[in-house]
Structures are given as structure tokens and as C-alpha cells.
Colleague: 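Can you keep this structure in mind? I'll have questions shortly.
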Amino acid sequence: MPGNEIVVADTSPLLNLALIDRLELLRSQFSSISIPEAVRSELLAGENGIEEIRSILESEFVTIAQPQRDDLLRELRTELDHGEAAAIALAVERNANRALIDERDGRQVARRHNIPVTGVIGILLKGARQNELAIEPALDELRDVGFWISDDLYHRAIDAVTETDE
């Protein structure tokens, strides 16, 4: 059952979950998520997975919020793209329990601001541990839609789920 964590998401985890038809995992793991307008715009700019994206954006599960600290946003924009910078700024302002971010630079910046991170693979792993999906086919689907996963991470993810099943 999802807790009452404050969770802020960047574009990549949401888009990639939509592309592999796994957005429902967010609802099973979190009570709600917040995204900045920049992330909403990035999500709606594409064509792939757009119906799934629109559906979750129109639900009460996702709230759109703007970071208020322009100084922090400007600082973050020197290192990150607009969506990531806005998501991390919002997470910092809200003292979020978690940020959903896939890109390495964004994850490092979030951690520097003491925001724990999880990405699409972490969400899939948790779903697999909760018996909501089989991890290997889900990782294969992610790779098929263009999400890069190193062979090492791919095998560690499979092993992590297999070890907990034994």
C-alpha cells in the first residue's frame, strides 16, 4: 500500500513507464506524485505513449506545481535541462521524500540536495518484488523502447529480484 510520501517526478520515468504500459506501478507505489509544468510540457510534446500520459496527467494522482525559488531554479539550470531542474527545485522546496529521475546528472544533483532518488528501473524492481510484473521482460521492453541499460545493471536487477524470491 502506498504511503504518504512527497514524490516529485521528472519526465523520463513517467514517459518510459508509459511506453511500456506500466504507469499503474506508480499508483501501487505512491499515493500521489507532483510534477512541475516543465515536465508536463515535455511529456505532452511527444507522440509515443501520449494516451497513457494524458490519462495519468488528467487524474487526481498527479498534481502540477511550480517551484517558487527562482534562484534555485537558475542554479540548477546551469547543470540540468529545464524539466530536471524544475523537478529538483520543486523536490527541494517541498522537502520531498523521493524524486523520480533517471539521468545520472539529475540524480547526482538531487542527492547533493539530500533528495533520495529512484528511477524507472527502481520502480520496476519494486513492482517485481511485489509480484506485479516479471522483471526480465519489463527490462527487455524498456530496452526495446530505447532506454539504455548496461548489461551489468540488467543482470544485477534480475539477480536482485531472483534472490528475494528464493
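Computed from a predicted structure; not experimentally measured.
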Colleague: Before you tell me yes or no, could you show the steps for Glu37 and Ser41 under side-chain hydrogen bond (donor to acceptor under 3.5 Å, both in side chains), namely the whole-Å CA-CA distance, both residues' side-chain angles and the distance that decides it to 0.1 Å?
Modeller: CA-CA 6 Å; Glu37 179 59 40; Ser41 295; 3.3 Å; yes

Colleague: For the atom pair CG (Leu80) and CZ (Arg107), what is the distance rounded to the nearest 0.5 Å?
Modeller: 13.0 Å

Colleague: If only atom types and distance count, is the side chain of Glu132 paired as donor or acceptor with the main-chain N or O of Leu25 below 3.5 Å?
Modeller: no

Colleague: Looking at Asp105, is its backbone amide N or carbonyl O close enough to the side chain of Glu79 to form a donor-acceptor pair, meaning the two atoms are under 3.5 Å apart?
Modeller: no

Colleague: Taking all non-hydrogen atoms of both residues, which atom of Ile101 and which atom of Ala110 are closest, and how far apart?
Modeller: CD1-CB, 4.1 Å

Colleague: Ignoring hydrogens, what is the shortest heavy-atom contact between Val8 and Ala96? Give both atom names and the distance.
Modeller: CG2-CB, 4.2 Å

Colleague: So, do Ile35 and Ile64 sit near enough that their side-chain heavy atoms are less than 4.5 Å apart?
Modeller: yes

Colleague: Would you call Asp10 and Glu103 a side-chain contact if the rule is heavy atoms closer than 4.5 Å?
Modeller: yes

Colleague: With a distance cut-off below 6.0 Å to the six-membered ring centre and an angular limit of 45° from the axis, does Arg98 pair with Phe30 as a cation-pi contact?
Modeller: no

Colleague: Please name the pair of heavy atoms, one in Ala86 and one in Ala38, separated by the smallest distance, quoted to 0.1 Å.
Modeller: CB-CB, 4.2 Å

Colleague: Would Val109 end up clustered with Leu90 when hydrophobic side chains under 4.5 Å apart are linked, directly or stepwise?
Modeller: no

Colleague: Give me the atom names and distance for the closest heavy-atom approach of Pro67 to Ala89.
Modeller: CB-CB, 3.8 Å

Colleague: Please tell me if the side chains of Arg54 and Glu52 come closer than 4.5 Å, counting only heavy atoms from C-beta onward.
Modeller: no

Colleague: Heavy-atom count check: over 12 atoms from other residues, nucleotides or ligands less than 6.0 Å from Arg112 CZ?
Modeller: yes

Colleague: For Ser12 and Asp102, which heavy atoms make the closest approach, and how far apart are they?
Modeller: OG-OD2, 2.6 Å

Colleague: Examine distances only and state if a side-chain atom of Arg143 and a backbone atom of Ile149 form a donor-acceptor pair shorter than 3.5 Å.
Modeller: yes

Colleague: If you round to the nearest 0.5 Å, how far is CG of Leu100 from CG of Leu26?
Modeller: 6.5 Å

Colleague: Do the non-hydrogen side-chain atoms of Ile135 and Thr162 ever get within less than 4.5 Å of each other?
Modeller: no

Colleague: For a quick test of reading the model, state the closest non-hydrogen atom pair linking Ala85 to Arg77 and the distance between them.
Modeller: CB-CD, 3.7 Å

Colleague: Do the side chains of Asn95 and Ile6 get nearer than 4.5 Å, heavy atoms only?
Modeller: no

Colleague: Is there a side chain to side chain contact (heavy atoms under 4.5 Å, CB included) between Leu142 and Ile121 once you walk through the steps?
Modeller: CA-CA 9 Å; Leu142 259 185; Ile121 294 173; 4.2 Å; yes

Colleague: Same hydrophobic cluster for Ile123 and Leu43, using side-chain heavy-atom links shorter than 4.5 Å among ILVMFWY?
Modeller: yes

Colleague: Quick one: OG1 on Thr118 to CG on Asn97, what's the gap to the nearest 0.5 Å?
Modeller: 11.5 Å

Colleague: So Leu153 and Leu139, do their side chains get closer than 4.5 Å, heavy atoms only?
Modeller: no

Colleague: Measure the spacing between CZ of Arg94 and OG of Ser34 and express it to the nearest 0.5 Å.
Modeller: 4.0 Å

Colleague: Identify whether Val161 and Leu17 are in the same connected component of the hydrophobic contact network (ILVMFWY, side-chain heavy atoms under 4.5 Å).
Modeller: yes

Colleague: Counting only N and O atoms by type, is there a donor-acceptor contact under 3.5 Å from the side chain of Glu93 to the main-chain atoms of Arg69?
Modeller: yes

Colleague: Do Arg22 and Glu24 pass the side chain to side chain contact (heavy atoms under 4.5 Å, CB included) test, and can you show the C-alpha distance, the side-chain angles, and the key distance before you say yes or no?
Modeller: CA-CA 5 Å; Arg22 300 286 186 183; Glu24 79 281 353; 3.9 Å; yes

Colleague: Cluster question for you: counting only ILVMFWY and a side-chain heavy-atom cut-off of under 4.5 Å, with indirect links fine, are Val92 and Leu73 together?
Modeller: no

Colleague: Which value, rounded to the nearest 0.5 Å, describes the distance between Glu84 atom CD and Ile88 atom CD1?
Modeller: 6.0 Å

Colleague: Rounded to the nearest 0.5 Å, how far does CZ of Arg27 lie from CD1 of Ile33?
Modeller: 9.0 Å

Colleague: Find out whether Phe147 and Leu19 are in side-chain contact, i.e. whether some heavy atom of one side chain is under 4.5 Å from a heavy atom of the other.
Modeller: no

Colleague: Can you tell if the side chain of His113 reaches within under 4.5 Å of the side chain of Leu76, non-hydrogen atoms only?
Modeller: yes

Colleague: Does Leu15 belong to the same Ile/Leu/Val/Met/Phe/Trp/Tyr cluster as Val117, with side-chain heavy atoms less than 4.5 Å apart forming each link?
Modeller: no

